[in-house]
Each structure stands twice: as structure tokens, then as C-alpha cells.
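Sequence lines set the chain letters: A, B, ... in the order given, protein chains first and strands last, and positions in each chain run from 1.
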Protein chains: 2
Amino acid sequence: MADKSSDRSAPTMADVAKAAGVSKSTVSRAFTQPNMLGVDTVERILEIANRVGYVPNHTARALSTGRHGNVALVVPDVANPFFPPLIRAAQMEADRSDFCVFLGNSDENWRQEDKLVDRFVSQVEGLALAASRLSEERIRHHALKRPLVLINRDIRGIPRVLIDSSTGVIDAIAHLAALGHKSLVYVSGPASSWANQQRRAAVRAGAKTHHMDVTIVAAKVPSYESGRAVVPDILASKATAVLAFDDLTAQGIMTGMADRGVAVPEQISIVGCDDVLGAATYPSLTTVSNRSDEAGRAGMSLLLDMLNSRAVGDARLVLGTHLVVRNTTAPPPRKSISS
Amino acid sequence: MADKSSDRSAPTMADVAKAAGVSKSTVSRAFTQPNMLGVDTVERILEIANRVGYVPNHTARALSTGRHGNVALVVPDVANPFFPPLIRAAQMEADRSDFCVFLGNSDENWRQEDKLVDRFVSQVEGLALAASRLSEERIRHHALKRPLVLINRDIRGIPRVLIDSSTGVIDAIAHLAALGHKSLVYVSGPASSWANQQRRAAVRAGAKTHHMDVTIVAAKVPSYESGRAVVPDILASKATAVLAFDDLTAQGIMTGMADRGVAVPEQISIVGCDDVLGAATYPSLTTVSNRSDEAGRAGMSLLLDMLNSRAVGDARLVLGTHLVVRNTTAPPPRKSISS
DNA sequence: CTATGTTATGCAACCGGTTGCACGTCAAGA
DNA sequence: TCTTGACGTGCAACCGGTTGCATAACATAG
């Protein structure tokens, strides 16, 4: 009668109950409401459970309680360096509360995102969407079925945490103006990106303040390749400074400039956004810093608060940013560059 | 009698059954085994289900079938650029088969990894562990309860996909030897990392072939900071070339060298591993390329095969690597450097 | 010594599906 | 006409927990 428990399948509550000579209910309570039982009983059950290697079945519990202890996190592109720190922080925050997180990669595609959310929704308690590409209508639709928080997307009535690039971008414009620049181009990101809209607006505002000309050049997808691709457009504008939607784009632009023999920062100044590359570029990139990890942590924390029905309401948490001056900005050349 | 279905909760199979005047079983089969039913019946049920907005409950289904359509992926550090492409590819592969993936971040810590796996195990059909820091014993233990595949970890009897750096590393050594280097240091990674063990062995082997001296310098964690930290040790070795465990470490080393005024590659050559930075460093880094995305895809694919009980057995898939020569390698200086 | 409360535990229904088996019907073969 | 098999469907048990209510034991109050 040593070990009869060598089934392939894991021991269940019934097994533990039998071994302990009590009912299933008692075992259940030993785990969920121990103070409802005699201390010795609880101790004995836990001991036995541990001995036979019993682990409560998440799925079964979820079925009867409706709480699965899972949340979902959806991002546009795991491989975009903006997101890993965010994902990491969110995941660790969830972990602290014993939540498991589903990760979804929408591939910068709203259809894919919608599909993912639909698949997740029946098995999570709540969702966090980072830089969602979904329409406001779809987001509201999903928010109706499950607690939902947004990261870097601003929709009234839906709890959200935003990284406010405005301050940092305005600092950047001031910095460029102080160096003597009179014109700049903003290389934009995805149209549906809240961050992009906000940065573009901040660029316009800052440029106005400092009486600078601004040209918008569109790079649909934020990536190294996109950056390289828009270099001709940038040069055509005759501007002496560039502010890119993100560091990846900025990095691509730097490479593109180098390919054409345009010196950075001597002939043209470049500023990135997000500070995801650290000082890894050469010259090291002047950029607008943010703490995407903090956004991830805060977003998840907010979501967990909602799940514990701690009042959240129309939360709108804004995280500040600031300019990090490195070596890609300098005074403009005497005369505008000619390729 | 218009809509009585406005409960807060979603309609269940019983609701649909009642509305259709059939039994639960029939509704169930209409979704899972339609060809077992009359075509008209199926059609009617589907129509009604659709009308009342019925969606099968994932959790309940999982409870009775044991199939939740979920898999778990655990990595040591989401923010390490080696992993995002891997994660992304794995997630998309799972997605193609309508699987949802739990993501775990072990934080380079085996206890954390063990805890995560335990939490996942009751709600996934299978697990993929990338660069697992667990002991072989723990891995075998978990593999007993669920189909499990390893990525970059080589344990007999457990399906695994490995990125074989040996070929690339040996190429790198040959490249350095051809340039005239006589000595190099290998900056190692985590001791429990299979990749590290393999790279170290390849370095030794390659060095022996080319009659080079090799010194091992330890960097416990693969990171930019670690790289900077080991620079004094490297210089102390008087070696003229460095091969680092990964690109991040190599990048840190480059910065550290620059800080000390040691020119790369004129005074010392540096080779990285993984090629996660592209040509983003300056000088652009010579490195051993791999396709971590392919490893992620293949690993997940293998896991899904196991779940469909397609024979897998003791699979051991090895992906090759090759050297990418960029600009951090050059002939050694005439005389060894002095800091 | 009986009435009343507490406390620890068991019973059984329930969460929302799945599935083996039984049953009834209808058509083809004997 | 009776048998037999295929087909379509329902019954009820089951997956592994949770939980409202009942009950038994024991303590306290009247």
C-alpha cells in the first residue's frame, strides 16, 4: 500500500481527501479558507497533499469560480525594443499576484489583434492592450466583456496609462532651437498610434513656439528599414534637424545618412524617441527617454486593481519623459546641405 | 418574450439547447462533431447559437477534455534581445494552430522558473523552455507531467532544438587566426547556459586547431553592464582578440574599450555572438549569426506535433550558425597593447 | 437538565461543457 | 413480414474543483 498514486495523471482533491480520511469539501477549504477548519486538520491535509504531490487544478477551479487567475497582454510587436521591458515589467507585476499572463503579438495588425483578444477573452479575467491598433469601437466592445486597461492609448472611460512624450519632445525642440536650427522634419510612425499623434502634435507646438519650420515625413511602420527608406525625403526637405518617431527609425536614418556621406551631427542633427538603444549607436543618439517598463508595471497593476474591484474608475495615469542629450545633435551647418 | 437572454452572463449550451428544442449533447456535437448529426439540425443550432451570441466556454471544455489549447513559453529574460524574435516566432507558430501562449520570464533564476512552470502546468497542454536554467532533474520531472520541448538545452530523451554556435565560433576563430592573432579571451556567459558551454568548448577546440592561447574571463550574466565590467580582466590578459558570449556583452566590452582609449579593431578585435544588434554598433560588430526566430518557430512546431501525438520521440534539431564579418576585427597591433 | 450557540465537517448541487451507451426510427436485405 | 444495421438523438455520468446548507459534537447559558 505504498504508492498507488502512480497514475499517469496528477492526484486530485478526491485522492487527497481519501488519503486524509476527509471529504473533498474539507480539502478544498484547507486550501481556500483554512481558518474555517481546525488547525490540525488543515495541517494534516496540507502535509498529505504535499506528500502526494497534489496541486490544485487551475482549470477546474476557474470553472466553478469564474476566476482563472489569468490576464492577457497584447502588443503590436514583441521584437520592437520598446516592448520587451514593458512586457517584462507587466509579467513580473502579474506574477507577484500569482497571475499568469498570455502574451499576444498583433503584428501591427488590428485584425490579428482583434482575433487574439477574442481568443483570450474567454480565458482571462482581464486584458491589457499596449499601443493597441484597434478602433475605439472595438476596444469599447471588448472592454464591455472584461476589465481592460490600455497602455499608450487614450480613450475616455477606459483605464489607461500613457507615456507622455510631449514634455520630452518639447524639450528636444527647445534644445534644437537653442542650437540654432530653424527647420526640422518629423518622421512619423503608425497613424493609429496614440504616441505618434501625440508626438506629432508636440512637434508642431514646439516648432511654433520657437518659430521653426516643420515638415512631416511618413514612415508607416516604426523600424530600422523604414528609417533608411525615408532619408531621401528628409534630405529633400533641406531641414537641418530630424526628430524621429522612435529610436529604431532614428537609427535607420543615421545609417541612411552615413550611406550618403551626410555627417551626423555636423550636417544634420537627429533626435530619437523612447531611448531603447541606450548609448549603443554611433554617434550615440540624442533621444527622448521614457520608462516603458514603468508603463507596463503600472498598467498591469491597474488591471489587477480592477480585478480586485478596488475602485479605479476612469483612471488616466500619465508618465513623464525627458530629453537625453547625447551626440547626434549639434548646431546646424553654415549652409544647407546638398546631396 | 423578445429578449430574456439579457443576463449579465453569457449564454450557455443549455440555453441554446432549450431554444433549439434539443439536448445539450446535440448542441455540443453541433460544434465538435457536426457530421454525427443531421445537416438540418446542425444548421439550425448554429443559427440559433449565433443569434443568441453563444460562444463555447474554453474553460469548461478544457476541464472535460483536458485540452485547453494553451501552451507555455518560458524564457530567462524577455528584455534580452536574443529572445524577442524567438518569442515572436513561437507565438505566431502557436497562433497558426489556434493555440494561446503563456509567457513566463524566469529572470535568469531557476527558482522563479520552477515556480512559473508549476503554475503553468495545470493549464497548458505543453511547455517550451528556452535556455532553461533548471537542473536536468527538474526538467525531467516536469517533462513527466506534460509534453515539453527545450530550446538551447540538450537533454537526452527530451525533444529539443539547438542553435549550434560551434560552427560559427570555429569560423570566427579561423577568421582571427587568419588575421594573425595568436591569443584571445573568451568572455563566458551563465554557467548553466547550454549555449555557453558549447561556445566555450568550440573556442577551446578552435584555438587548439590554430595554436592560439585562450583565456576565459567570466561574466555571469549576459548584459551590457557585464561586458563593461570585464574589460580590465581582458586587458590584463594581453590578448589581442575577444570573443564574447553574446552581442550584448560584446557591446559592453566595446564601450569599456572606448572608455579606456583602446581602439577597436586597431588595438583589439572583438567578436560577438547571436547577431542581435545588426549593424547598429559602431564599429559594426563582427558576430556569429543565428536565427533565434527559427529556433522559436521550430521549437513550438515540435511541441504542437507532440500534442497531436505525431511521433516525435527523441527529437534533436540542430540549427547551424555562421560568422558575419563586419568591422570589429582586424589584424593584431604590432606590439601588445598597454593600458 | 434542557435550550441555544458555536464550530468543524460532510452532502450534494453546480460551474459548462464532453462522451459512452442506449434507444427509437427507418430502410434495405432475407 | 421479420431481422438487421445505420443513423440521429437523448440520458446521465464525468472532468475537478467550490459552496450553500445541513448536521453532529461540544460548550455555554438559563
Side-chain angles (χ1 to χ4, degrees), chain A residues 5 7-46 48-49 52-70 98 121-125 145, chain B residues 5 7-46 48-49 52-70 118-119 121-125 145-146:
Chain A
S5 59
D7 303 305
R8 167 146 310 328
S9 57
T12 77
M13 227 161 70
D15 298 330
V16 178
K18 188 143 53 77
V22 298
S23 72
K24 281 197 318 175
S25 333
T26 304
V27 177
S28 173
R29 293 195 254 260
F31 281 89
T32 57
Q33 319 174 37
N35 49 351
M36 193 174 167
L37 266 41
V39 284
D40 48 341
T41 312
V42 173
E43 189 175 356
R44 184 162 46 93
I45 292 178
L46 259 40
I48 291 180
V52 303
Y54 167 74
V55 177
N57 181 316
H58 234 92
T59 308
R61 191 195 306 250
L63 182 56
S64 50
T65 61
R67 306 210 53 169
H68 356 46
N70 296 333
D98 286 341
V121 84
S122 77
Q123 43 185 346
V124 299
E125 293 184 38
K145 332 184 88 168
Chain B
S5 60
D7 303 303
R8 168 148 306 331
S9 57
T12 76
M13 225 160 70
D15 298 330
V16 178
K18 188 144 52 76
V22 297
S23 71
K24 283 198 316 176
S25 332
T26 304
V27 178
S28 173
R29 292 195 253 259
F31 281 88
T32 58
Q33 319 175 38
N35 49 353
M36 193 174 168
L37 265 42
V39 283
D40 48 341
T41 313
V42 173
E43 189 176 355
R44 185 162 45 94
I45 291 178
L46 259 39
I48 292 181
V52 303
Y54 167 75
V55 178
N57 181 316
H58 228 95
T59 310
R61 192 196 305 251
L63 182 56
S64 50
T65 60
R67 306 211 54 169
H68 351 48
N70 297 332
D118 271 335
R119 210 180 7 265
V121 83
S122 76
Q123 43 186 344
V124 299
E125 292 183 40
K145 330 183 90 168
R146 288 281 185 272

Taking side-chain hydrogen bond (donor to acceptor under 3.5 Å, both in side chains) as the test, write out the residues that go with A:Thr26, two or more places apart. A:Ser23
Applying side-chain hydrogen bond (donor to acceptor under 3.5 Å, both in side chains) to B:Asp40 and not counting sequence neighbours gives none
Interatomic distance where [atom1] belongs to [X] and [atom2] belongs to [N] [whole Å]:
X       : N      : atom1 : atom2 : value
B:Ile45 : C:dT18 : CD1   : P     : 12 Å
B:Leu63 : C:dT19 : CG    : C1'   : 14 Å
B:Asn57 : C:dG16 : CG    : P     : 7 Å
A:Met13 : D:dT19 : CE    : P     : 11 Å
B:Arg67 : D:dG16 : CZ    : P     : 16 Å
A:His68 : C:dC15 : NE2   : C1'   : 12 Å
A:Lys18 : D:dG17 : NZ    : C1'   : 17 Å

Quick check: does any side chain N or O of A:His58 sit under 3.5 Å from a backbone N or O of A:His68, one acting as donor and the other as acceptor? yes
So, the side chain of B:Thr32 versus the backbone of B:Ser28: is there a donor-acceptor pair under 3.5 Å, distance only? yes
Remember a base hit wins even if backbone is also touched, and classify [X] as base, sugar-phosphate or nothing at under 4.0 Å, heavy atoms.
X       : value
B:Tyr54 : sugar-phosphate
B:Thr65 : sugar-phosphate
A:Thr32 : sugar-phosphate

Which letters describe nucleotides 5-12 of chain C, given B = protein heavy atom under 4.0 Å from base, S = only from sugar-phosphate, - = neither? ---SBBBB
Pairs satisfying salt bridge (Lys or Arg N to Asp or Glu O under 4.0 Å), at least one member in residues 53-68 of chain A, at least two apart: A:Arg67-A:Glu125
Shortest non-hydrogen contact from [X] toward [Y]:
X       : Y       : answer
A:Ala60 : B:Leu63 : CB-CD1, 3.7 Å
B:Thr12 : B:Tyr54 : C-CE1, 3.5 Å
A:Pro11 : A:Val52 : CG-O, 3.4 Å

Could you point out which residue of B:Val42, B:Thr41, B:Ile45, B:Asp15 forms a side chain to side chain contact (heavy atoms under 4.5 Å, CB included) with B:Val27? B:Ile45
Out of curiosity, B:Asn70 CG to B:Gln123 CD, how far, rounded to the nearest 0.5 Å? 7.0 Å
Quick check on the helix from C:dC1-D:dG30 to C:dA30-D:dT1: what's the angle between its two end axes, five base pairs per end, to the nearest 10°? 60°
Answer yes or no: is there a side-chain heavy-atom contact under 4.5 Å between A:Arg44 and A:Ile48? yes
Check every atom of D:dT18, C:dT18, D:dG17 against the side chain of A:Ala60 and return the nucleotide holding the closest atom. D:dG17
List, with names and distances, any nitrogen or oxygen atoms from the protein found under 3.5 Å away from nitrogen or oxygen atoms belonging to nucleotides 22-28 of chain C.
none

